[in-house]
Amino acid sequence: MAKDKYDFIQELLGNKKLTPAQKERVLLLTSAEIRKDKEAGGLLEERVIKNEESIIVINKNVSKIENDFTEMKNKNFKTDSASSNSEKANPKDVADFMSLFNQRDGLKYLTHDFDENSEFDIDKFLISANNVFNQKTNNDLNIPQSLWSIVKQFAFNSKQTEWTSISENYKKDMPIAIGWASKELRTWSKDNHLHPIRNEKYEKIVNDFKRITRVEAPNLEKIINVSLENIFEDKLANYKIERIDLKKADFYSHVRFLIDAFKIIFEEIKKRSDTIDKNKITIKYGRSTSAEYFLRRIYITHHNSFPIQELNLLIKEWQEKGNMGKIKEKLNGYCDWSIETKIENIPMRINILKEKHTQISENINFEPDGFTHILTFYYK
């Protein structure tokens, strides 16, 4: 029965009379049918495991189905920009998604050595991991397109194209041409029956992926220092910079976007350091918990600096314009972002990237020392 259905799909897709719109409809229905038909799915998985040249696909026709379906998905996928559709990426969903990298039946073995009592079968593992990835990102979790793309290229793209990490000193982007689905890596793993991390070359690829998706202790201080040096250059010595607990930081993000956001924040501080009493900056890392998540917060305070515009104008500008708009674009989907300061001499918190039920502005019952950015990341 499953074979007849599969042959019918092949035949239908090969029909040159189908219009592009009709073909798109067939691809969508095919994908849904395979997901719900366990018997067909089992047969397809067996074919994948036996095929030496493909990880996720059975032959050229099924490969075309998956690739076309992925392209269609990408066209309608939410973006990282402030003008994305109403289904915005959610920082809590990022925490849920990245927690899969600690789960044996999730994505753990993409970044950890295999620790089960059997030989490592890379094709079988990638089929299982790809199913988890598709299920979570298509149905359950709303993550940024940039994170989806990095994981897809790193792990599941058999027609390998470059993905981008960041150098160990955090100073430049680093194109990567190898991923889990690369023929070279898979051949080595199958020949040796070992996890790729046992190979020094491929272990480096895994570490490249981790470096672009996670800030591990003690690297936040290094990232902050690189960002400060880039913006303040030879004027950095003129500033009093206090760093508090930065070496304790451990959380998930898009590290390139985070560095870009730091640079824009420091650029704003530099522009507003026009007097001697505005040369102090405090950068602090804090940890706490909520009901389901660990909270990881970065506080960047420019002391004695306060805005002069009225509240409504500030809120509008911070949502859409200038450097504040650029910061929002870089952080959107990865963390919440608030400002604590005094506006028209009233202590206030403005929540720019926030949960739906959180108010945009709220009074606070303490006197701010200046203008403080608060970046809140979620961790599981």
Side-chain angles (χ1 to χ4, degrees), residues 164-174 211-212 215-249 251 253-286 296-309 313-314 317-318 320-332 334-335 337-343 347-350 352-353 367-377:
T164 302
S165 183
I166 195 165
S167 60
E168 292 184 36
N169 63 9
Y170 295 99
K171 291 185 177 181
K172 60 181 181 180
D173 291 339
M174 190 170 61
R211 193 164 55 253
I212 195 64
V215 177
E216 291 188 279
N219 290 332
L220 179 60
E221 186 163 26
K222 184 188 295 186
I223 289 169
I224 289 291
N225 289 341
V226 166
S227 304
L228 286 167
E229 291 164 7
N230 182 273
I231 297 303
F232 292 101
E233 299 176 320
D234 59 345
K235 304 294 184 184
L236 187 57
N238 297 337
Y239 289 81
K240 299 175 184 178
I241 300 177
E242 184 179 22
R243 301 166 178 83
I244 302 174
D245 290 337
L246 300 186
K247 291 182 178 180
K248 297 178 181 179
F251 58 91
S253 186
H254 188 302
V255 176
R256 162 48 64 202
F257 287 3
L258 180 61
I259 291 174
D260 290 343
F262 284 151
K263 288 179 180 179
I264 301 168
I265 289 171
F266 294 140
E267 185 179 319
E268 282 291 290
I269 291 175
K270 184 179 179 181
K271 283 165 54 177
R272 287 162 174 74
S273 302
D274 50 357
T275 58
I276 192 66
D277 66 331
K278 293 183 181 180
N279 67 346
K280 183 180 178 182
I281 305 169
T282 298
I283 307 160
K284 177 183 175 181
Y285 178 75
R296 305 293 187 244
R297 289 194 173 98
I298 300 170
Y299 304 83
I300 302 176
T301 301
H302 184 201
H303 295 267
N304 299 315
S305 179
F306 302 96
I308 59 174
Q309 296 96 326
L313 178 60
L314 282 173
E317 288 187 351
W318 290 353
E320 301 172 2
K321 297 181 180 180
N323 277 343
M324 298 294 275
K326 292 177 184 177
I327 295 168
K328 180 179 179 180
E329 184 176 350
K330 294 296 181 181
L331 298 179
N332 191 22
Y334 289 101
C335 68
W337 173 40
S338 300
I339 301 296
E340 286 181 350
T341 189
K342 286 194 290 187
I343 300 175
M348 301 199 73
R349 180 184 298 117
I350 308 301
I352 303 173
L353 291 174
E367 286 286 321
D369 292 329
F371 194 95
T372 298
H373 298 262
I374 305 172
L375 281 56
T376 302
F377 297 85

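Position 1 is the first residue of the sequence, and the numbers go up from there. No hydrogens, no waters, no symmetry mates; every other heavy atom, side chains included, goes into these values.
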Checklist entry - With no hydrogens and no angle check, is any side-chain donor or acceptor of H302 less than 3.5 Å from a backbone partner on K278? => result yes

Checklist entry - If you measure from CD1 on I212 to CD1 on I259, what distance do you get to the nearest 0.5 Å? => result 7.5 Å

Item to check | Min side-chain heavy-atom separation V226-N169 under 4.5 Å | outcome: no

Checklist entry - Got a sec, which residues hit side-chain contact (heavy atoms from CB on, under 4.5 Å) with P347, two or more places apart in sequence or on another chain? => result K342, I364, E367, P368

Next on the checklist: Evaluate L331 against L258 for side-chain contact (heavy atoms from CB on, under 4.5 Å), listing each step before the verdict.
Outcome noted: CA-CA 7 Å; L331 298 179; L258 180 61; 4.2 Å; yes

Considering only distance and modelled atom types, tabulate donor-acceptor pairs under 3.5 Å from the side chains of residues 232-243, sequence neighbours left out.
from, atom 1, to, atom 2, distance (Å)
Y239, OH, S273, OG, 3.4
E242, OE1, T282, OG1, 3.3
R243, NE, N225, OD1, 2.9
R243, NH2, N225, OD1, 3.1

Checklist outcome for this item: Residues at least two apart in sequence or cross-chain that pass side-chain hydrogen bond (donor to acceptor under 3.5 Å, both in side chains) with S253, listed by chain then number, are none

Item to check | Under the salt bridge (Lys or Arg N to Asp or Glu O under 4.0 Å) test, residues paired with K271 that sit two or more places apart | outcome: E268

Item to check | Shortest non-hydrogen contact between T341 and G370, atoms and distance | outcome: OG1-O, 3.2 Å

Checklist entry - Between R211 (side chain) and I166 (backbone), is there a donor-acceptor pair under 3.5 Å? => result yes

Item to check | Results of side-chain hydrogen bond (donor to acceptor under 3.5 Å, both in side chains) for S165 - residues two or more places apart only | outcome: none

Checklist outcome for this item: With sequence neighbours left out, the residues meeting ring-ring contact (aromatic ring centres under 6.0 Å, His included) with F266 are none

Item to check | Which residues share a salt bridge (Lys or Arg N to Asp or Glu O under 4.0 Å) with R297, sequence neighbours left out | outcome: none

Next on the checklist: Let me confirm one number: the NE2-CD1 distance from H303 to I269, rounded to the nearest 0.5 Å.
Outcome noted: 9.5 Å

Item to check | Separation between CG of L375 and CD1 of I300, rounded to the nearest 0.5 Å | outcome: 6.5 Å

Next on the checklist: Quick check against the 3.5 Å criterion: does K270 have a side-chain atom that pairs as donor or acceptor with the backbone of I231?
Outcome noted: yes

Checklist outcome for this item: Applying side-chain hydrogen bond (donor to acceptor under 3.5 Å, both in side chains) to N279 and not counting sequence neighbours gives none

Next on the checklist: Test of understanding: with salt bridge (Lys or Arg N to Asp or Glu O under 4.0 Å), list the residues that count as partners of E267, not counting sequence neighbours.
Outcome noted: none

Item to check | Side chain proximity check, L314 to I339, heavy atoms < 4.5 angstrom | outcome: no

Checklist entry - ring-ring contact (aromatic ring centres under 6.0 Å, His included) with F377: which residues, sequence neighbours excluded? => result F251

Next on the checklist: Atom CD of residue position E168 - does it have more than 12 heavy atoms of other residues, nucleotides or ligands inside 6.0 Å?
Outcome noted: no

Next on the checklist: Taking salt bridge (Lys or Arg N to Asp or Glu O under 4.0 Å) as the definition, give me every residue that meets it alongside K222, ordered by chain and number, with sequence neighbours left out.
Outcome noted: none

Checklist entry - If you take all heavy atoms of L246 and L220, which pair is closest and at what distance? => result O-CB, 3.6 Å

Next on the checklist: M324 and side chain to side chain contact (heavy atoms under 4.5 Å, CB included): which single residue from H373, E329, E317 fits?
Outcome noted: H373

Next on the checklist: Going by the rule side-chain hydrogen bond (donor to acceptor under 3.5 Å, both in side chains), which residues pair with T164 if we only count those two or more places apart in sequence or in a different chain?
Outcome noted: none

Checklist outcome for this item: d(I244 CD1, Y285 OH) to nearest 0.5 Å is 14.0 Å

Item to check | Spacing of L313 atom CG and I343 atom CD1 [to the nearest 0.5 Å] | outcome: 10.5 Å

